[in-house]
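Inspection log for the structure reproduced underneath, given as structure tokens.
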Amino acid sequence: MKASELFFPTLREVPSEAEIISHQLLLRAGFIRKTTAGVYTYLPLGYKVIKKIMNIVREEMDRAGGQEVLMPIIQPAELWKKSGRWDVYGDEMFRLVDRHNRDFALGPTHEEIITTLVDADVQSYRDLPLLIYQIQNKYRDEIRPRFGLMRGREFIMKDLYSFDPDDEGLDISYHKMYEAYNRIFQRLSLQYRVVEADSGAIGGNESHEFMVLAENGEAEIVYCDTCDYAANVEKAVCTIDDQESVQDDILQIEKIHTPGQRTIQDIVDVFGIPSRRQVKTLMYFADGELLAAVLRGDRELNEIKLKNYLGCNQLFMADQESVMAVCGAGFGSLGPVGMKVKIYVDLEVTQMKNFACGANENDYHYTNVNLGRDFAAEKIIDIRTAVVGDECPHCSGHLQSVRGIEVGHIFKLGLKYSQALEAKFIDQKGKEQLMVMGCYGIGVSRTMAAAVEQNSDANGIIWPIPIAPYHVIVVPVNAKKEDQMNTAQAVYEGLLSNGIEAIIDDRDERAGVKFKDADLIGIPVRITVGPKALEQNQVELKKRWENNIELIAVEKVISEVKAIIYGRE
RNA sequence: CGGGAUGUAGCGCAGCUUGGUAGCGCGUCUGGUUCGGGACCAGAAGGCCGCAGGUUCGAAUCCUGUCAUCCCGACCA
């Protein structure tokens with residue numbers, strides 16, 4: 001490709017809307033342009049990267065036994081009503097109405113379509129297992145699209161669905177995908193980590209996320225410093241740390257006057273009771289029912305754990321008025337003693353003795369409160385958010401934390417959709433059975449952003465070779481000098497005929513401009529044809545990720561470049 | 001949806017407080033000089049001042065509404 005003909009509008013300045021590095025660089029380097037919030041156009045360079053990622057994904061899906069299809073973006077409401085998700089999915093679904101006033105959605109995911117399809121056309125156990133996938137746009141009207149490609153409302157996703165006759169089959173399919181995903185992210189040359197995950201709204205039991213490690217990642221990952229346990233904080237299990245257990249004698253409960261003191265910190269400041277000797281009481285509505293969650297004063301509630309435990313659809317913090325009406329006190333004075341609603345107590349509270357909490361009466365607290373004696377729990381469960389330093393749930397190690405970008409997520413769905421959509425088959429005994437399903441997603445466009453997030457420097461992007469839009473850029477220092485241009489042209493054509501993807505920067509620009517652009521768009525190998533070296537019949541070779549420049553003979557360029565590209569790939 | 005901020009030329013910004021008919025840098029175009037890390041000189045094009053309404057002799061500027069974008073929180077590939 002001639003740079004003079006390539007559409008890659010680079011920007012000198014950072015567009016003000018871009019906050020994180022991948023968004024800034026993809027805009028500046030001319031890979032993407034925003035059409036509207038969370039919706040982007042991929043320009044030639046950007047789309048080349050997307051296609052490379054897609055191809056790696058496709059190869060590995062095929063290798064794992066997947067079969068590629070293409071399902072519709074426009075999906076009829078009936079399917080979603082049948083699965084029960086038309087109402088559950090809520091505002092996140094883009095909805096539209098056709099001329100006959102029928103409801104449709106732009107597909108946010110494809111369980112409904114694929115399950116219906118498989119149900120209609122698969123009747124026998126002989127046809128299972130089936131692994132069906134597609135790479136296609138998904139539509140989710142996110143509450144807050146963000147960070148360019150990182151969280152779009154339209155994005156490119158690979159989604160595979162597995163259908164097996166039984167749980168053992170699902171285990172095999174799940175394992176195949178687990179392995180395939182590892183191969184994919186290794187081939188993409190990304191630093192990533194597989195973590196245990198919450199299965200969220202999609203449902204199901206077992207689930208793993210593939211996280212590309214990056215400071216700007218939206219997800220927090222905790223991992224053990226001794227064993228290989230790693231999990232999304234949303235999921236990370238908290239155990240009781242025996243070291244924390246308080247051995248004191250149980251004391252008499254006391255009510256103290258605490259005028260104007262509302263927060264845990266107030267009680268620390270005024271009474272010197274450390275936050276770990278206090279208990280906080282949070283009020284929530286779970287599908288309309290008010291409840292209290294109680295945990296140690298210095299801990300955070302993990303709403304996902306609570307929600308999963310309750311099995312409710314909606315969980316949100318109660319408002320002050322509702323709380324006042326039921327408890328007779330405001331937020332800062334709540335406590336489990338005398339609480340009139342169900343109390344869910346965090347596991348860790350069982351290790352506490354003689355702690356302080358609100359008295360459910362404004363401006364009063366209790367001290368020396370004890371679980372069991374002073375109040376009863378509806379249930380004692382793990383509902384706190386794991387933090388750095390917690391004991392590992394699998395060994396005696398301790399948890400560390402890093403941030404990551406979720407680029408892949410695999411789920412065991414079980415019977416959730418096959419039940420709702422009646423996806424059945426006839427087993428060997430002639431009996432009708434429900435198919436056991438799994439689903440497996442990779443955010444292709446997000447992966448591109450994640451790759452940039454992980455591979456850049458002050459000058460621009462540094463593409464990993466397997467997904468670089470071009471392998472080599474050939475830069476004649478002065479395109480008007482015939483000898484330089486001729487050599488550059490010869491090198492360029494040699495690369496092309498050897499199957500190497502190359503750009504020749506034939507633009508009548510100063511060398512500095514061409515170097516800046518080459519760095520910005522992140523082409524892995526740069527061949528510079530300049531006057532000094534050319535006298536020796538040499539050219540310069542620079543790897544984007546290194547600072548030094550090598551001089552090599554013109555006739556050796558092809559073999560050198562091949563060694564770099566295929567050596568690293 | 002709650003909180004915060006911003007909309008002025010392709011990009012980055014000034015002008016707004018104190019109304020008087022729009023400016024700077026970069027980019028673009030033309031000519032010339034240059035030519036190994038975003039050159040220089042000369043000239044030029046390019047603006048519904050987000051949109052609508054109001055106040056005023058007069059609005060980018062003041063008022064009201066509205067739309068859009070971005071950031072923080074709940075959502076997710």
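Within every chain, numbering begins at 1; the chains are lettered A, B, ... in the order of the sequence lines, protein sequences first and strands thereafter. Side-chain atoms are counted along with the backbone in the values below, which use heavy atoms only and exclude waters and symmetry mates.
The residue among Met157(A) and Ala18(A) whose nearest nucleotide of RNA chain B is located toward the 5' end is Ala18(A). Comparing Val407(A) and Arg153(A) against RNA chain B, the residue whose closest nucleotide sits nearer the 5' end is Arg153(A).
Contact annotation: side chain of Arg146(A) to base of C70(B), donor-acceptor pair absent below 3.5 Å. One can find a donor-acceptor pair under 3.5 Å joining the base of C76(B) and the side-chain atoms of Arg446(A). Checked by distance alone, Glu13(A) brings no side-chain donor or acceptor within 3.5 Å of a matching partner on the base of G27(B).
Atom CD of Glu218(A) is surrounded by more than 12 heavy atoms from other residues, nucleotides or ligands within 6.0 Å. In Glu300(A), the CD atom is not crowded: 12 or fewer heavy atoms of neighbouring residues, nucleotides or ligands sit closer than 6.0 Å. Heavy-atom contacts from other residues, nucleotides or ligands closer than 6.0 Å to CD of Glu215(A) number 12 or fewer.
The partner of C1(B) is G73(B), by the rule that a Watson-Crick or G-U pair needs both atom distances under 3.5 Å. Pairing of C13(B), defined by two Watson-Crick or G-U wobble distances under 3.5 Å, is identified with G23(B). Across all strands shown, nothing is found opposite G36(B) as a Watson-Crick or G-U wobble partner with both distances under 3.5 Å. Summarising the base pairing, U66(B) is matched to G50(B) through a Watson-Crick or G-U wobble pair whose two defining distances lie under 3.5 Å. With both pairing distances under 3.5 Å, U30(B) is matched to A42(B) as a Watson-Crick or G-U wobble pair. For A60(B), there is no paired nucleotide, since no Watson-Crick or G-U wobble pair has both relevant distances below 3.5 Å.
Taking atom P on both nucleotides, U61(B) is separated from C51(B) by 10 Å, rounded to a whole Å. Spacing between G25(B) and G43(B) at atom P, rounded to whole Å, works out to 13 Å. Between A74(B) and G65(B), the two C1' atoms lie 29 Å apart (nearest whole Å). Look at the C1' atom in both G46(B) and U28(B): the space between them is 9 Å, to the nearest Å. G47(B) and U66(B) are spaced 22 Å apart, taking the C1' atom of each and rounding to whole Å. As rounded to the nearest Å, C1(B) and C11(B) have P atoms that lie 28 Å from one another. Between the C1' atoms of A39(B) and C13(B), the separation comes to 24 Å (whole Å). Rounded to the nearest Å, the gap between the C1' atom of A60(B) and that of A52(B) is 16 Å.
Using a 4.0 Å heavy-atom distance criterion, Glu142(A) is classed as a base contact. Note on Val14(A): only backbone sugar-phosphate atoms sit closer than 4.0 angstrom, heavy atoms only; bases stay farther off. Across all strands, Tyr440(A) comes closer than 4.0 Å to no nucleic acid atom at all (heavy-atom distances).
The distance from atom CD of Glu92(A) to atom P of C76(B) is 7 Å, rounded to the nearest whole Å. Rounded to an integer number of Å, the gap from Asn216(A) CG to C76(B) P is 21 Å. Ile135(A) places its CD1 atom 13 Å from the C1' atom of A77(B), with the value rounded to the nearest Å. The distance between atom CD1 of Ile143(A) and atom C1' of C72(B), rounded to the nearest whole Å, is 14 Å. Glu154(A) places its CD atom 17 Å from the P atom of A77(B), with the value rounded to the nearest Å. Between Asp91(A) atom CG and G2(B) atom P there is a gap of 13 Å when expressed in whole angstrom units. Atom pair Glu19(A):CD and A5(B):P shows a separation of 16 Å (rounding to whole Å applied). Look at NZ on Lys34(A): it is 12 Å from P on A68(B), rounded to the nearest Å.
Neither OP1 nor OP2 of C75(B) sits under 4.0 Å from any side-chain N or O of Arg144(A). Taking 4.0 angstrom as the limit, Ser16(A) places none of its side-chain polar atoms (N or O) nearer than this to OP1 or OP2 of U6(B). At U69(B), one or more side-chain N or O atoms of Thr36(A) fall inside 4.0 Å of OP1 or OP2 (strictly under the cut-off).
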Q. What one-letter contact string describes nucleotides 34-41 of chain B from 5' to 3', where B marks a base within less than 4.0 Å of any protein heavy atom, S marks contact via sugar-phosphate atoms alone, and - marks no contact?
A. BBBBBB--
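A salt bridge links Arg187(A) to Glu59(A): at least one charged side-chain nitrogen sits closer than 4.0 Å to a carboxylate oxygen.
Checking each of Tyr192(A), Phe411(A), Tyr178(A) against His208(A) for a ring-ring contact (aromatic ring centres under 6.0 Å, His included) leaves exactly one that passes, namely Tyr178(A).
Atom CG of Leu188(A) and atom CD1 of Ile53(A) lie 6.0 Å apart (nearest 0.5 Å). In this structure, OG in Ser22(A) is found 10.5 Å from CZ in Arg446(A), a value given to the nearest 0.5 Å.
For the residue pair Asp62(A) / Tyr133(A), a side-chain donor-acceptor distance below 3.5 Å is found, with atom types taken as modelled.
A donor-acceptor contact shorter than 3.5 Å is absent between the side chain of Tyr492(A) and the backbone of Val475(A).
Under a cutoff of 6.0 Å and an axis angle of 45°, Arg526(A) and Phe515(A) form a cation-pi pair.
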